[in-house]
Participant: 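Just passing along the structure, written as structure tokens.
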Amino acid sequence: MLKLKVNNIEVEVEEGLTVLQVCEKAGVEIPRFCYHEKLSIAGNCRMCLVEIEKSPKPVASCAMPAIEGMNIKTNTEFVEKARKGVMEFLLANHPLDCPVCDQGGECDLQDQSMFYGVDKSRYKENKREVPEKNMGPLIKTQMTRCIHCTRCIRFATEVAGVPELGAIGRGEDMQITTYLEQSMQSELSANVVDLCPVGALTSKPYVFEARPWELKKTETIDVMDAIGSNIRVDTYGWEVKRVLPRINEDINEEWISDKTRYACDGLLNQRLDTPYIKYNGKFEKASWSEVFNIIKSKFKNADKEKICGISGDLVNMETLYIFKEFFNKTLGSHNIESRSDHTYLNPDKRENYLFNSAINGIEEADFILLIGSNPRYEATILNARIRKSYMKNKTKIISLNDVGDLTYPYSSLNGDIENIKNIVEDKHEISNLIKEAKKPLIIFGQSALKSNSSKYIFESVKSFLHKNNKISNEWNSLNVISENASTVGGFDLGLYKTENGSNKVLKDLENHKFEIVYLLGQDSLKFKKQNEFIIYQGSHGDKGAEMADIILPGAAYTEQNGYFTNLEGILQKAYKASYPPEEAKEDWLIINELAEVMNHRKLFNDKDELDSSLINQINLYIEKNNSKEFSDIKNLNFEKELLKIDNEDYYFSNVITRASKTMFECKKAKTNLKSTGTDG
């Protein structure tokens with residue numbers, strides 16, 4: 001530990017910190033523009049100047065290592081004069097754009113100039129002007145405002161792994177640009193908007209929409225993938241204007257994917273706002289009592305074995321729970337499922353469908369094997385952690401398939417399932433790599449779990465890991481990347497009907513064994529409708545609504561409180577930021593009211609009763625599950641096949657993204673890059 005003084009107060013800190021970090025620990029705030037705790041140190045804005053005893057000049061605190069016995073002063077006249085000089089220099093070329101700048105109200109330069117700005121400048125030269133750059137459909141540039149802090153360059157190179165941003169020219173001719181003047185090829189690109197301390201990089205879809213103080217801010221959870229990123233939703237009236245990241249070091253640190261940030265404009269389009277009934281192939285508006293009575297008569301006249309329910313990808317756990325209760329108790333049916341395709345599931349132990357090493361555990365891994373996964377598109381934030389692990393520890397990464405650019409180097413095999421057979425039978429070099437690694441990560445993607453050999457792949461690898469003590473309370477190497485926000489929650493609540501891990505409900509549906517199908521926010525089914533009567537409950541007029549006979553308008557994720565369990569099994573609550581449009585209702589309420597129409601009795605009296613019952617159910621399930629012993633599945637059939645990576649359309653992965661104009665622009669930009677051959 002080092003002993004030193006900050007403003008004549010003695011502090012004790014660990015070795016290896018910079019002067020700026022020491023001051024932060026001592027509770028003294030240092031102004032800065034270029035320094036960011038998640039990026040490398042650049043030391044090029046000079047705003048963080050402090051006085052150090054015996055040093056004749058002010059020192060840049062972000063780049064100066066702390067030394068035993070230092071006496072640091074942060075609030076002397078000497079420091080103030082130095083910082084004012086730096087601010088004058090930074091503002092030498094800065095335009096007076098504050099009234100029309102989208103950064104106004106949350107601009108670091110604006111805030112700091114209130115403290116350190118002076119009312120006149122000694123610079124008489126003309127201000128320079130820098131032409132705008134094309135950075136794609138998400139980032140609006142006004143590079144005349146740029147102060148060359150290089151945060152965006154460092155983020156793109158170090159975190160996103162796409163070294164496309166850089167500086168050209170020198171001195172006052174220096175410019176930050178994408179070298180090829182094209183869209184940034186990263187699913188994390190818009191984080192540079194948050195990082196930019198001035199208005200040089202702002203959000204293109206949000207341009208001139210609102211000022212920060214006009215917006216209502218709601219802290220909630222993202223549902224665009226299974227990560228459960230912590231976000232803040234900003235609303236103007238009931239309209240969602242933007243989504244920003246919240247810091248959660250265990251899950252998303254302080255980054256979010258572009259899909260999370262910009263799909264929110266899809267919440268306005270294609271909305272279902274009133275119940276509909278299909279007559280002669282055309283939808284007609286109806287009242288709630290009308291549709292409930294039709295559904296009641298249909299359910300009453302149908303055999304309970306001929307009724308099934310399938311839930312979708314964005315449904316919260318309260319709705320999943322009441323959906324199951326409705327089927328089990330009101331209808332007496334157990335034909336419910338949360339999987340929309342033939343994904344293998346072994347529900348015996350919770351670890352079989354979780355990312356057991358945890359997202360922040362990726363940084364501790366010393367070997368990573370990807371089986372049928374492209375984490376860049378399946379879980380963007382998780383992919384950034386794998387890159388971080390590689391950058392920090394030079395972790396060896398091997399993928400069964402070549403899946404293109406993952407933003408970090410990896411070795412790939414030929415995709416043959418025989419490689420898995422050889423690994424689990426100790427006939428492959430990877431077997432030794434797994435055994436010798438202290439904390440190996442084996443990551444199963446959705447493509448592996450949907451293949452013909454899914455059961456063999458998953459169970460044989462799990463057995464191999466267990467045999468070599470890689471599945472224990474200290475470290476569990478078995479990891480599954482879930483597809484959707486509601487996947488793990490659905491499995492925890494028992495929304496599945498399996499037969500040797502297969503999807504029994506979907507098989508029966510494809511064989512047309514059901515008369516009534518209740519789709520709860522389910523828009524990914526690929527089955528040909530014959531005589532089934534389909535009830536669709538959801539927020540958007542998409543694929544599910546198209547095939548429905550009755551439509552019940554529900555709420556989107558920003559319009560209702562709800563729990564979601566992320567891919568590592570953490571239960572998080574999403575909060576209501578706005579309201580469902582017109583006659584649409586919260587999802588749990590629709591099912592509760594339908595149960596009342598059916599049985600003259602609600603399933604739950606209010607949301608609080610539903611919440612407490614749900615939490616009890618989950619706690620009981622986890623407690624019971626944790627006491628289960630490991631069970632090995634014998635006699636696995638090996639089928640010789642090549643594993644194909646089935647990448648879903650990243651920018652069109654759910655109903656909200658498909659209704660989003662911004663996501664359409666991103667998809668178009670990506671397609672253009674591929675057609676011109678410049679896609680990495």
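Owing to the predicted nature of the structure, the values given are computational and were not obtained by experimental measurement. Reckoned from all heavy atoms, side chains included, excluding hydrogens, waters and symmetry mates.
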Participant: Please say whether more than 12 non-hydrogen atoms of neighbouring residues, nucleotides or ligands are located less than 6.0 Å from CE in Met114.
Facilitator: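 Atom CE in Met114 is not crowded, with 12 or fewer foreign heavy atoms closer than 6.0 Å.
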Participant: Ignoring hydrogens and geometry, is there a side-chain-to-backbone donor-acceptor pair from Asn191 to Leu188 under 3.5 Å?
Facilitator: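 The answer is yes, because a donor-acceptor pair under 3.5 Å joins these two groups.
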Participant: Would you say Tyr408 has more than 12 foreign heavy atoms packed within less than 6.0 Å of its OH?
Facilitator: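 Correct, the count exceeds 12.
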Participant: Side chains of Glu80 and Asn75 only: does a donor on one sit below 3.5 Å from an acceptor on the other?
Facilitator: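 The criterion, which ignores hydrogens and geometry beyond distance, is not satisfied for Asn75 and Glu80.
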Participant: Shortest non-hydrogen contact from Ser477 to Asn479?
Facilitator: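 Between these two residues, the closest heavy atoms are O-ND2, 3.0 Å.
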Participant: Could you go step by step and tell me if Lys38 and Glu249 meet the salt bridge (charged side-chain N to carboxylate O under 4.0 Å, His left out) rule?
Facilitator: CA-CA 11 Å; Lys38 290 278 187 289; Glu249 293 298 341; 2.9 Å; yes
Participant: Looking at Leu215, Val233, Thr218, which one forms a side-chain contact (heavy atoms from CB on, under 4.5 Å) with Val240?
Facilitator: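 By the side-chain contact (heavy atoms from CB on, under 4.5 Å) criterion, Val240 pairs with just one of Leu215, Val233, Thr218: Val233.
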Participant: Is Lys259 positioned over the aromatic face of Tyr262, cation under 6.0 angstrom from the ring centre and no more than 45 degrees off axis?
Facilitator: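 Pair Lys259/Tyr262 does not count as cation-pi.
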Participant: For a quick test of reading the model, state the closest non-hydrogen atom pair linking Ser186 to Asp258 and the distance between them.
Facilitator: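 Looking at all heavy atoms of both residues, the shortest contact is O-OD2, 3.1 Å.
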Participant: Quick one: are Asp194 and Arg261 in side-chain contact, heavy atoms under 4.5 Å?
Facilitator: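 Yes; the side chains approach each other to less than 4.5 Å.
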Participant: Once rounded to the nearest 0.5 Å, what's the spacing between atom CG of Leu382 and atom CG of Asn566?
Facilitator: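 Leu382 atom CG to Asn566 atom CG measures 10.0 Å (nearest 0.5 Å).
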Participant: Between Thr395 and Ser389, do the side chains contain a donor N or O and an acceptor N or O under 3.5 Å apart?
Facilitator: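 Present: a donor and an acceptor within the cut-off.
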Participant: Quick one: do the Ser653 and Tyr377 side chains pair a donor with an acceptor below 3.5 Å?
Facilitator: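 There is no such pair between these side chains.
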Participant: Which atom pair, heavy atoms only, marks the closest approach of Leu567 to Ser482?
Facilitator: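 The pair with the smallest heavy-atom distance is CB-OG, 3.9 Å.
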Participant: So does Ala210 get a backbone contact from the side chain of Tyr206, meaning a donor-acceptor N/O pair under 3.5 Å?
Facilitator: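 Yes; judged by distance alone, with no hydrogens or angles, the pair exists.
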Participant: Do the side-chain N and O atoms of Ser257 and Thr260 include a donor-acceptor pair separated by under 3.5 angstrom?
Facilitator: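 Side-chain D/A pair, Ser257 to Thr260: present.
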Participant: Do side-chain atoms of Lys470 reach the backbone of Ala437 as a donor and acceptor pair under 3.5 angstrom?
Facilitator: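 Looks like yes, one N/O pair under 3.5 Å.
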Participant: Do you know which two heavy atoms are closest between Ala200 and Met143, and how far apart they sit?
Facilitator: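 Closest pair (atom of Ala200, atom of Met143, distance): O-SD, 4.0 Å.
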Participant: Is it true that Ser40 and Glu158 share a donor-acceptor pair across their side chains at a distance under 3.5 Å?
Facilitator: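 Yes - a donor-acceptor pair under 3.5 Å links their side chains.
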Participant: Just checking Lys576: does its NZ atom have more than 12 heavy atoms from other residues, nucleotides or ligands closer to it than 6.0 angstrom?
Facilitator: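 Count over threshold, so yes.
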Participant: So with a 6.0 Å cut-off around NZ of Lys396, is the heavy-atom count from everything else above 12?
Facilitator: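 Counting other residues, nucleotides and ligands, NZ of Lys396 stays at 12 neighbours or fewer.
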Participant: If we check side-chain contact (heavy atoms from CB on, under 4.5 Å) with Ile231, which of these qualifies: Asp222, Asn248, Thr558, Val223?
Facilitator: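 It is Asp222; the other options fail the test.
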Participant: Looking only at non-hydrogen atoms, find the nearest pair between Pro137 and Ala669 and report the distance.
Facilitator: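 Closest approach of Pro137 to Ala669: CD-CB, 4.0 Å.
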Participant: Which residue, Leu20, Thr18, Val19, Val50, forms the side-chain contact (heavy atoms from CB on, under 4.5 Å) with Met64?
Facilitator: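 For Met64, the side-chain contact (heavy atoms from CB on, under 4.5 Å) test succeeds with only one of Leu20, Thr18, Val19, Val50, which is Val19.
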Participant: State plainly whether the residues Glu88 and Arg122 are in salt-bridge range, i.e. N to O under 4.0 Å.
Facilitator: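 A salt bridge links Glu88 with Arg122.
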Participant: Surrounding NZ of Lys216 (heavy atoms of other residues, nucleotides or ligands, distance under 6.0 Å), is the total greater than 12?
Facilitator: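 Counting other residues, nucleotides and ligands, NZ of Lys216 exceeds 12 neighbours.
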Participant: Within the structure provided, determine whether Gln21 and Tyr35 are in side-chain contact (heavy-atom separation under 4.5 Å).
Facilitator: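 Yes; the side chains approach each other to less than 4.5 Å.
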Participant: So, Arg151 side chain and Cys196 main chain: donor-acceptor pair closer than 3.5 Å or not?
Facilitator: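 Side chain of Arg151 to backbone of Cys196, a donor-acceptor pair under 3.5 Å: no, none is there.
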Participant: Is a side-chain N or O of Asn252 found less than 3.5 angstrom from the main chain of Ile256, in a donor-acceptor match?
Facilitator: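 Checking the backbone N and O of Ile256 against the side chain of Asn252, no donor-acceptor pair under 3.5 Å is found.
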Participant: Tell me if a side-chain donor or acceptor on Thr220 pairs with a main-chain N or O of Tyr575 at a distance below 3.5 Å.
Facilitator: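 Flag set: sc Thr220 to bb Tyr575 pair under 3.5 Å.
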Participant: Would you compute the distance between atom CG of Asp102 and atom OG of Ser203 and round it to the nearest 0.5 angstrom?
Facilitator: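 Rounded to the nearest 0.5 Å, the CG-OG separation comes to 7.5 Å.
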Participant: Given side chains that start at C-beta, do those of Ile397 and Ser411 come closer than 4.5 Å, heavy atoms only?
Facilitator: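 No; the side chains remain at least 4.5 Å from each other.
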Participant: Could you pull out the closest heavy-atom pair between Met174 and Thr150, with the gap in Å?
Facilitator: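 Heavy atoms of Met174 and Thr150 come nearest at CE-CG2, 4.5 Å.
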Participant: More than 12 heavy atoms of other residues, nucleotides or ligands under 6.0 Å from NZ of Lys127: is that the case?
Facilitator: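 Yes, enclosed.
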Participant: For Tyr410, does the OH atom have more than 12 heavy-atom neighbours from other residues, nucleotides or ligands under 6.0 Å away?
Facilitator: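 Yes - once you tally the heavy atoms of other residues, nucleotides and ligands closer than 6.0 Å, there are more than 12.
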Participant: Look at Glu106 together with Arg242 and state whether they make a salt bridge at an N to O cut-off of under 4.0 Å.
Facilitator: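 A salt bridge links Glu106 with Arg242.
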Participant: Just verifying a value: how many Å separate Ile52 CD1 and Ser61 OG, rounded to the nearest 0.5 Å?
Facilitator: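 Reported to 0.5 Å precision, the distance equals 8.0 Å.
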Participant: Check whether the side chains of Thr76 and Glu51 place a donor and an acceptor atom closer than 3.5 Å, and report yes or no.
Facilitator: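 Result is yes, a qualifying pair exists.
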Participant: Give a yes or no on whether the backbone of Lys133 and the side-chain of Thr141 come within a donor-acceptor separation of less than 3.5 Å.
Facilitator: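 Yes; judged by distance alone, with no hydrogens or angles, the pair exists.
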Participant: Assess whether a salt bridge exists between Glu187 and Arg376, defined as any Lys/Arg side-chain N lying under 4.0 Å from an Asp/Glu carboxylate O.
Facilitator: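 Between Arg376 and Glu187 there is a salt bridge, with a charged N closer than 4.0 Å to a carboxylate O.
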Participant: Please test Arg246 against Glu219 for salt bridge (charged side-chain N to carboxylate O under 4.0 Å, His left out), starting from the C-alpha separation and ending with a verdict.
Facilitator: CA-CA 8 Å; Arg246 279 191 298 135; Glu219 297 192 341; 3.6 Å; yes
Participant: Test Arg128 against Glu172 for salt bridge (charged side-chain N to carboxylate O under 4.0 Å, His left out), laying out the working first.
Facilitator: CA-CA 8 Å; Arg128 71 179 196 144; Glu172 71 165 17; over 6 Å; no
Participant: Is any side-chain N of the basic residue among Asp97 and Arg145 closer than 4.0 Å to the acidic one's carboxylate O?
Facilitator: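 Yes, Asp97 and Arg145 are salt-bridged.
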Participant: In the structure I gave you, are the side-chain heavy atoms of Glu253 and Pro245 within less than 4.5 Å of one another anywhere?
Facilitator: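 No, their side chains stay 4.5 Å or more apart.
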Participant: Would you say the side-chain atoms of Asn476 pair up with the backbone N or O of Asn356, donor to acceptor, closer than 3.5 Å?
Facilitator: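 No; zero donor-acceptor contacts below 3.5 Å.
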Participant: If you count every heavy atom of other residues, nucleotides or ligands that lies below 6.0 Å from Leu96 atom CG, does the total exceed 12?
Facilitator: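 No.
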Participant: Just by modelled atom types, is the Arg154 backbone N or O under 3.5 Å from a matching donor or acceptor in the Thr157 side chain?
Facilitator: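 A pair under 3.5 Å: no.
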Participant: How long is the straight-line distance from CZ of Arg32 back to CD of Glu37, given to the nearest 0.5 Å?
Facilitator: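 That separation rounds to 6.5 Å.
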Participant: Would you mind reporting whether Met70 and Lys5 have side-chain heavy atoms less than 4.5 Å apart?
Facilitator: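 Result no, sub-4.5 Å side-chain heavy-atom pair not found.
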Participant: Would the distance check show the side chain of Glu12 and the main-chain N or O of Leu2 forming a donor-acceptor pair, the cut-off being under 3.5 Å?
Facilitator: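 Checking the backbone N and O of Leu2 against the side chain of Glu12, no donor-acceptor pair under 3.5 Å is found.
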